[in-house]
Structures are given as C-alpha cells and as structure tokens.
Amino acid sequence: DENGNAVEEAFYGADNKLIITNRGYAMVRYKYNETNRIVGEVYYGEDGKPMRNASGYAGISYELDKMGNISRSTFLGEDEKPLFLEIYGYATVLREYNELNRLAKEMYLDANDQPVPNQQGYYGRTCEYDERGTLSKEGYLGSDGQPMLLQNLGYAGVHHVYDADYNEVHTAYFGIDGKQVIAAFGFSAIERQYDKDRRPVYEMYYDEQNKPMTLNGGFAAIERTFDAQGNTTEERYFDANKKMVLGVQGYASIKRAFDNNHRSIHEEYFDVDGKPVEINNGYASLDRTYNADGSSNEVRYNAKGEKVN
C-alpha cells in the first residue's frame with residue numbers, strides 16, 4: 001500500500017499457477033490500522049475465493065490496545081464473520097495486559113460475543129509472573145469473570161515455582177477462596193528435584209496444609225534413576241517420613257531394562273530391604289520380548305528365579 005505495507009502474499013508452483021501450501025491457503029491479504037499494524041488477515045484458495053486455512057479459519061481480525069498489544073482477536077469464516085472453532089472452544093478472545101505488557105487476563109466468547117468455555121472448560125484465566133517473567137500463577141474464570149472451580153480437576157488456580165534452570169520445582173493447587181485444595185489427582189502440592197539433564201529424579205506430594213501425604217498408591221514420594229537414553233531404570237517409593245515403603249502394588253522399588261526402542265524388556269521388584277519380592281500377581285521379575293506387530297510376550301519368575309505361570 002502507500003505506506004509500504006505488504007497487503008497481499010501469494011504462492012505459486014513451477015507452472016506459475018497459485019498453489020495451496022501446507023499453511024492451507026494459496027494467498028493471504030492483510031489489513032492495517034493507522035499506525036501500520038496488522039489488524040486483519042483473510043486467506044484465499046487457488047480460485048481467489050476465501051478459504052479456511054490449515055487451522056480451520058478463513059481469516060482473523062485484531063484490535064490493539066494503546067500499547068500495541070492484541071486486546072481482541074476473532075476467528076473469521078469465509079464470509080468474514082466471527083467463526084466458532086471447536087478445536088479452541090471459542091470464536092473471540094479478549095486480552096488484558098499488565099504494566100510490563102505481559103498477558104494478565106483473557107476471556108473467551110462465542111460467535112455472538114457471549115461468554116463460552118474453552119476446550120479446557122473455563123471461560124477465562126488470569127496470569128501472574130515471577131521476576132524473570134515466567135508464568136507463576138494461573139487462575140481460572142467463569143462466565144462472570146469470577147474465579148471458578150474446574151470440576152474435572154478439582155482446583156481453581158495453580159502456582160508454579162521454578163529453579164535457576166527453569167525446572168518447575170514446586171506446584172500447588174488452589175480453590176476459589178485462594179486456599180490450597182486437594183486436586184482431583186489426589187494431592188495439593190508437589191515438589192520436584194532434577195538431575196543435570198533436567199529429568200525429575202525425586203518427587204514428594206503434600207496435602208493442603210503442605211504436609212507430606214500418602215497417595216492412593218501407598219507412597220508419599222518417588223525417587224527415580226534414568227539411563228543415558230532417558231529411560232526410567234529404577235523407581236523407589238517412600239512414605240511421609242522419607243522411609244522406603246511397599247506401595248499398593250506390593251513392592252518398594254522396581255528396576256527396569258530397555259531395548260533400543262525404549263521398550264521395557266526386563267523388570268525386577270524389591271521390598272524395603274532391597275530383597276526380591278513377589279508382587280500381587282505372584283512373580284518377582286519378568287522378561288519381555290516383542291513381536292513384529294508390536295505385541296509382547298512375557299516370562300515371569302518368582303523370588304527364587306524359577307519360572308511361574
């Protein structure tokens with residue numbers, strides 16, 4: 001255009017004819033505001049008619065705040081009207097930003113500008129950040145813009161703490177009132193430790209009072225060992241006092257060996273003293289082989305190393 005903005009981009013094949021690329025369209029036309037910022041895109045097919053791109057929409061429109069942040073974005077159909085996308089669960093998203101221009105809040109709307117839950121089940125969310133700009137708190141909102149409990153997960157917000165290497169070392173779950181709650185997966189908080197390759201080698205679980213708690217599996221903490229390929233070769237289970245404990249599956253630790261395809265080919269089970277233990281199914285170890293179709297065969301052994309059925 002007269003301001004030097006690219007208003008059209010088209011893709012051609014070797015025969016100099018328009019072709020649809022892996023983006024899902026052959027041509028895109030851009031719209032700009034008075035400050036030369038893009039505020040709209042519409043996608044076209046080889047026939048020059050609007051068409052939906054690989055993500056399922058034929059265009060997108062934007063509104064910007066005074067700082068240039070996108071405050072409203074709307075998916076468009078071939079008629080350039082708002083389009084509800086099932087994959088996202090909304091047609092429009094409204095955004096607000098903090099003083100550092102980081103996303104602080106967003107709300108989701110349907111094609112009629114009415115509040116709508118996204119695919120995760122919430123109508124909006126709030127965001128807070130740590131001093132490095134990493135998302136540290138996330139809260140979920142209902143249709144009225146107030147905190148809501150995610151029924152399937154059992155919490156209304158989550159807090160994250162990261163170490164110097166950006167590993168998430170602490171995660172806690174909160175209710176509508178801002179107090180910690182036991183989430184649907186059975187604990188209120190989790191602490192993690194990592195090895196030099198950023199793999200979680202230790203996890204401990206906590207209740208809503210931040211006291212170590214025993215999960216349904218019969219343990220309060222897990223310690224892991226990994227091989228050079230990233231396979232978990234050993235897991236050890238501990239109680240709330242950090243003592244090894246038999247989990248509900250009947251063992252305190254498990255050792256595994258893997259093939260080159262990261263498939264488990266050998267397992268051994270041990271008690272709290274490191275001695276072989278026969279688990280609920282009556283065996284203490286097994287060998288596993290794989291067939292060409294991916295199915296597997298197992299040979300099981302008791303604590304004496306004898307084969308069992």
Side-chain angles (χ1 to χ4, degrees), residues 1-129 132-135 138-141 143 145 166:
D1 62 17
E2 63 275 9
N3 294 315
N5 300 308
V7 296
E8 184 176 291
E9 186 177 14
F11 303 93
Y12 295 87
D15 58 1
N16 206 34
K17 293 182 179 180
L18 284 170
I19 59 169
I20 295 176
T21 70
N22 57 5
R23 301 177 186 179
Y25 55 85
M27 182 169 57
V28 55
R29 291 175 180 156
Y30 303 101
K31 298 178 182 179
Y32 297 83
N33 64 9
E34 63 279 0
T35 61
N36 297 314
R37 291 287 304 273
I38 293 177
V39 293
E41 301 177 13
V42 179
Y43 312 107
Y44 298 86
E46 298 160 303
D47 57 2
K49 296 180 180 179
M51 71 172 294
R52 299 190 185 189
N53 64 11
S55 297
Y57 54 93
I60 187 168
S61 65
Y62 306 105
E63 292 181 13
L64 310 178
D65 64 19
K66 61 182 180 181
M67 299 301 295
N69 301 305
I70 297 174
S71 58
R72 180 186 180 105
S73 59
T74 300
F75 299 117
L76 306 175
E78 292 88 341
D79 56 2
E80 295 191 39
K81 293 181 179 180
L83 173 70
F84 179 86
L85 284 184
E86 290 285 349
I87 189 173
Y88 297 111
Y90 55 84
T92 294
V93 56
L94 306 178
R95 299 184 178 93
E96 298 176 11
Y97 299 82
N98 64 19
E99 64 278 3
L100 296 177
N101 294 315
R102 294 178 180 138
L103 179 66
K105 179 181 178 180
E106 61 183 15
M107 295 292 293
Y108 314 109
L109 307 176
D110 64 17
N112 297 311
D113 266 2
Q114 296 301 306
V116 64
N118 66 4
Q119 287 285 24
Q120 287 72 46
Y122 52 90
Y123 293 77
R125 64 178 181 135
T126 58
C127 303
E128 296 182 30
Y129 305 83
R132 295 184 297 182
T134 305
L135 181 66
E138 191 172 18
Y140 307 104
L141 306 175
S143 58
Y166 293 93

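Every value quoted in this text rests on a predicted model; they were computed, and no experiment measured them.
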Pairs meeting criterion salt bridge (Lys or Arg N to Asp or Glu O under 4.0 Å) with involvement of residues 39-57, two or more places apart: Arg52-Glu78
Euclidean distance, Cys127 SG relative to Tyr97 OH, rounded to 0.5 Å: 10.5 Å
Pairwise side-chain contact, Phe75 with Tyr88, heavy-atom cut-off 4.5 Å (strictly under): yes
Which atom of Leu18 lies closest to which atom of Ala26, heavy atoms considered: CD2-O, 3.9 Å
For Gln114, all residues meeting side chain to side chain donor-acceptor pair (under 3.5 Å), sequence neighbours excluded: none
Pi-cation contact, Phe11 with Arg23 (under 6.0 Å, within 45°): no
Show me the donor-acceptor pairs within less than 3.5 Å that the side chains of residues 63-71 make with the rest of the protein, sequence neighbours left out.
| residue | atom | partner | partner atom | Å |
| --- | --- | --- | --- | --- |
| Asp65 | OD1 | Met67 | N | 2.9 |
| Asp65 | OD1 | Gly68 | N | 3.0 |
| Asp65 | OD1 | Asn69 | N | 2.8 |
| Asp65 | OD2 | Asn69 | ND2 | 3.2 |
| Asn69 | ND2 | Asn101 | OD1 | 3.0 |
| Ser71 | OG | Glu63 | O | 3.2 |

Check: residues 53-62 side-chain donor-acceptor pairs under 3.5 Å, at least two apart:
| residue | atom | partner | partner atom | Å |
| --- | --- | --- | --- | --- |
| Asn53 | OD1 | Ser55 | N | 2.9 |
| Asn53 | OD1 | Gly56 | N | 3.1 |
| Asn53 | OD1 | Tyr57 | N | 3.2 |

side-chain contact (heavy atoms from CB on, under 4.5 Å) against Asp113, all qualifying residues, sequence neighbours excluded: Arg72, Thr92, Leu109
Side chain to side chain, Met107 and Val93, heavy atoms closer than 4.5 Å: no
side-chain contact (heavy atoms from CB on, under 4.5 Å) between Leu103 and Tyr129, worked out: CA-CA 9 Å; Leu103 179 66; Tyr129 305 83; 3.6 Å; yes
Partner residues of Lys105 under the side chain to side chain donor-acceptor pair (under 3.5 Å) criterion, sequence neighbours left out: none
Residues Leu76, Leu83; criterion side-chain contact (heavy atoms from CB on, under 4.5 Å); working and verdict: CA-CA 5 Å; Leu76 306 175; Leu83 173 70; 5.6 Å; no
side-chain hydrogen bond (donor to acceptor under 3.5 Å, both in side chains) pairs, two or more places apart, involving residues 6-18: Glu8-Arg29, Glu9-Tyr30
Residue pairs involving residues 116-125 (criterion side-chain hydrogen bond (donor to acceptor under 3.5 Å, both in side chains); sequence neighbours excluded): Glu106-Arg125, Asn118-Gln120, Arg125-Glu138
Approximate separation, where rounding is to 0.5 Å, of Tyr25 OH and Tyr44 OH: 12.5 Å
Qualifying residues under side-chain contact (heavy atoms from CB on, under 4.5 Å), relative to Leu100, sequence neighbours excluded: Asn98, Arg102
Donor-acceptor under 3.5 Å (Tyr32 side chain, Ala6 main chain): yes
Atom pair CG (Asn33) and NZ (Lys31), whose distance is rounded to the nearest 0.5 Å: 13.0 Å
With sequence neighbours excluded, residues passing salt bridge (Lys or Arg N to Asp or Glu O under 4.0 Å) with Lys81: none
